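Take a look at the structure below.
On a predicted model such as this, the values are computed, not experimentally measured, just so you know. Below, all heavy atoms of this structure are taken into account, side chains as well, without hydrogens, waters or symmetry copies.
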Amino acid sequence: MPLYLEIIISVCLLIGGLFLLVGSYGLARLPDIYMRLHSPTKASTLGITGVLVASMIYQSYSKGFLSIQEFLITLFLLITAPVAANMIAKTALHHRTKALEKTQGQELMASIRERQTPNSTQDAD
C-alpha cells in the first residue's frame with residue numbers, strides 16, 4: 001500500500017476516533033436530555049463517518065474497485081441520526097421532561113408544546 005494512502009487512512013481514523021471520544025464524553029457528562037442530543041447526533045455521526053471513510057479507502061485499494069458498502073452505511077447513518085434525534089426531542093417535549101435552567105431556548109419549548117397541528121387550525125375556520 002502506498003504511503004500517501006496509509007497517511008490518509010490514518011488521518012481519517014484519528015479524526016473519527018477523536019469525534020467518537022468527544023461524543024461519548026458529551027453523552028456521559030451533559031446534564032439533561034436536550035443537551036445530550038447533540039453528542040450522538042453530531043460528534044458520533046462524524047466519528048463513525050471518519051472510520052467508515054477510512055474503511056472505504058482501504059477496501060477500495062485492497063479489492064481494486066470502489067467499495068460502496070461503507071458509503072451506503074455512512075449515507076444511512078447521516079440520514080437516520082437527525083431523524084432519531086428529532087423523535088427523541090419530540091418525545092421529551094411530549095412527556096414534559098424538565099430542562100435545566102442553563103439550557104437555552106426554554107421559551108421555545110412552551111410554544112412548541114402549545115402549537116396545534118395544521119388540521120386543527122383549518123377546522124376552526
>> Considering only residues two or more places apart or on different chains, which pairs with a residue in residues 71-87 satisfy side chain to side chain donor-acceptor pair (under 3.5 Å)?
In response: none
> If you look only at pairs with a residue in residues 56-68, which of them pass as a side chain to side chain donor-acceptor pair (under 3.5 Å), with sequence neighbours excluded?
Replying inline: S67-Q69, S67-E70
> Are L18 and I57 joined in one hydrophobic group, where the rule is that I, L, V, M, F, W and Y side chains link up if heavy atoms are under 4.5 Å apart?
Replying inline: no
> Are more than 12 heavy atoms from other residues, nucleotides or ligands located less than 6.0 Å from atom CD1 of I68?
Replying inline: no
> Stepwise, does the side-chain contact (heavy atoms from CB on, under 4.5 Å) test hold for I88 with T41?
Replying inline: CA-CA 11 Å; I88 292 169; T41 56; over 6 Å; no
>> On a heavy-atom basis, which atom in L5 and which in M1 lie closest, and how many Å separate them?
In response: CB-CG, 4.0 Å
> Between I7 and I15, is there a shared hydrophobic cluster once you connect ILVMFWY residues whose side-chain heavy atoms come closer than 4.5 Å?
Replying inline: yes
>> To the closest 0.5 Å, what do you measure between CG (L52) and CG (L75)?
In response: 11.5 Å
> Going through the distances and angles, do S39 and L30 end up as a side-chain contact (heavy atoms from CB on, under 4.5 Å)?
Replying inline: CA-CA 9 Å; S39 279; L30 291 173; 3.9 Å; yes
> Is there a chain of hydrophobic side chains (I, L, V, M, F, W, Y, each step under 4.5 Å between heavy atoms) that links V53 to Y4?
Replying inline: yes
>> Please say yes or no: joined through hydrophobic side-chain contacts below 4.5 Å, possibly via intermediate residues, are V83 and L72 part of one cluster?
In response: no
> OG/S10 to CG/L3 distance, rounded to the nearest 0.5 angstrom?
Replying inline: 9.0 Å
> How long is the gap from CZ on F19 to CD1 on I48, to the nearest 0.5 Å?
Replying inline: 12.5 Å
>> So, taking the atom named OG1 in T49 and the one named CG in L20, what distance separates them when rounded to the nearest 0.5 Å?
In response: 9.0 Å
>> To the nearest 0.5 Å, what is the distance between CE on M56 and CD1 on I73?
In response: 11.0 Å
> Taking all atoms of both residues into account, what is the closest heavy-atom pair of I9 and A54, and its distance?
Replying inline: O-CB, 3.8 Å
> Do you know which two heavy atoms are closest between G23 and S44, and how far apart they sit?
Replying inline: CA-OG, 3.9 Å
